[in-house]
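Below is one structure; the comments refer to it alone.
Counting convention: from 1, in listed order, for ligands and their atoms alike. For the numbers below, each heavy atom of this structure counts, side chains included, while hydrogens, waters and symmetry mates do not.
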Amino acid sequence: MGMEVLVSGAGIAGPTLAFWLARQGWQVTLVERAGALRSGGNPVDVRGPALPVAARMGILPLLRQAATDATAMRVIGPSGHTIARLPMPASDADVEIPRSDLAAILGGTVRDDAELLLDDTITEMRQDPGGVDVTFERAAPRRFDLVVGADGLHSTVRRLAFGPEAAFVTPVGLHVATMPLGGPAEIPDEVLLFNTPGRLVSIHPARGEAMAAFIFRGKGLDRHAPHEAVINAYRHEGWRVPELLDRLRHTADPYFDEVSRVTLPTWSTGRVTLLGDAASCVSLLGDGSTLAMSAAHTLATALTEHAGDPAAALRRYEAEHRRLVIPKQRRLGFAAGMLVPATHLGLTTRNLGARLMARRPPRPAAAARS
Ligand SMILES: Cc1cc2nc3c(=O)[nH]c(=O)nc-3n(C[C@H](O)[C@H](O)[C@H](O)COP(=O)(O)OP(=O)(O)OC[C@H]3O[C@@H](n4cnc5c(N)ncnc54)[C@H](O)[C@@H]3O)c2cc1C
């Protein structure tokens, strides 16, 4: 009988890991707090090291079918005029896809090979050198050889195994709220960005419903009270903001969180390890989905090549994947400054840079791919 692994979280990292471990004969159980895997959501990128992982999983055609049609970013000025129009994505091999569609496609790859416990969560874990005894909110208690926390920024596995989240989660000074717009974007191939100092509103086309995002500076707002926080932050803004705030008032559960980075001195303790945002969230500014998929593949490869020695496998996974994460986390402050400049001067400088970039000749496709 293969080793038994419990993966908490069926987002991006969880199902990717489940796919690769199931192929190696592991018995995989995925526990997901949500009652169903939803479609739609804010678009994320699959690129760089995640592309070969997706290709070897055989899902690239599905990802391309579900990809957004966005080919450019338009930076809008206060009166609705265009400041700059920048081509995207960075490489023509990249795929931009609604996050939940990516999760659904990844989940589909393990539908027949992993046990899925929906609407449930781990409540307690006790480990000894041979395994981990786990209790759930709903399912019966079980013992596993390994538990993987792929349960995102506010990971339950991390809290149970390593301690309260305040020790590991550092806000980068921004909040983000997203909501569906109920229909396709007026311009189906352009992401619209409207900034004032300390605030950004974006409208992002997606297959089906377009998404709006409010990203604004501030710390410590209650993530369970999105309406009040966003309306307070944007009540004096122009362009299409009043219409978007009206829509927000009628949106039951917009996504809302503090943009944060996660750092831990080690990702594993005994037979419990962390993966994806739970281990090393780079926030929405740093290729989180791409890193989640490549981390899952690295972990599965290490567990396969060090079969029978989980400690060695977990050390190798961490050493390899940290090399990708560290530079991304270092760039977060710069990325936040570019996306949401805090002052008029910062915004003018950013917009000047955007105009200069827009004037650069497009790179040939082959060069862009490399
Ligand atoms: C607004 C926004 C925009 C973003 N844009 C980009 C982008 O453009 N490019 C990019 O690469 N990344 C982007 N990201 C980041 C990206 O979405 C994440 O980095 C990525 O989803 C991380 O994958 P994950 O599997 O680690 O965690 P998640 O995708 O967060 O999945 C975690 C899963 O665990 C589940 N879960 C939570 N708690 C429990 C529990 N107690 N028990 C069981 N299950 C649980 C959740 O329901 C979820 O399904 C963006 C994120 C946000 C919020």
So which of Ser289, Gly152, Gly11 gets nearest to atom 27 (O) of ligand 1, if we judge by its closest heavy atom?
Gly152
Could you tell me whether Arg158 and Glu165 have a side-chain N and a carboxylate O separated by less than 4.0 Å?
yes
Tell me whether His154 has any N or O atom under 3.5 angstrom from an N or O of ligand 1.
no
For Ala292, the ligand 1 atoms with a heavy-atom partner under 4.0 Å come out as 23 (O)
Say whether Gly276, considering both its backbone and side-chain N or O atoms, lies within less than 3.5 Å of an N or O atom on ligand 1.
no
Could you check whether the rings of Trp239 and Phe194 sit parallel, tilted or perpendicular, using 30° and 60° as the cut-offs?
parallel
If you measure from atom 46 (C) of ligand 1 to every heavy atom of Arg159, Glu32, Met211, Glu96, which option wins on shortest distance?
Glu32
Considering distance alone, does some N or O of Tyr255 sit under 3.5 Å from an N or O of ligand 1?
no
Have a look at Asp133 and tell me which of Arg143, Gln127, Arg142 forms a side chain to side chain donor-acceptor pair (under 3.5 Å) with it.
Arg143
Among Thr16, Val262, Leu284, which one puts a heavy atom closest to atom 50 (C) of ligand 1?
Leu284
Residue selection (non-hydrogen contact nearest atom 39 (C) of ligand 1) among Leu118, Ile122, Asp151:
Asp151
Short N-O contact, Arg47 and Asp287, less than 4.0 angstrom:
yes
Looking at Arg99, Arg158, Arg47, the heavy atom closest to atom 28 (P) of ligand 1 belongs to Arg99
Select the closest option to atom 42 (N) of ligand 1 among Ile97, Thr121, Leu117, judged by heavy-atom distance.
Thr121
From the options Val44, Val7, Leu102, select the one whose nearest heavy atom is closest to atom 14 (N) of ligand 1.
Val44
So, 4.0 Å and heavy atoms of Ala213: is ligand 1 close enough to count as a contact?
no
Between Glu190 and Arg85, is there a side-chain N and carboxylate O pair less than 4.0 Å apart?
yes
For ligand 1, indicate whether the residue Asp257 contacts it via side chain, backbone, both or neither (heavy-atom separation under 4.0 Å).
neither
Phe216 vs His175 aromatic rings, parallel, tilted or perpendicular, using cut-offs 30° and 60°?
parallel
Option set Gly48, Ala150, Gly14, criterion heavy-atom distance to atom 32 (C) of ligand 1, minimum
Ala150
Does ligand 1 have an atom under 4.0 Å from some heavy atom of Ala103?
no
Among Gly288, Ala34, Pro43, whose heavy atom sits nearest atom 5 (N) of ligand 1?
Pro43
Side chains of Thr29 and Glu115: any donor to acceptor distance under 3.5 Å?
yes
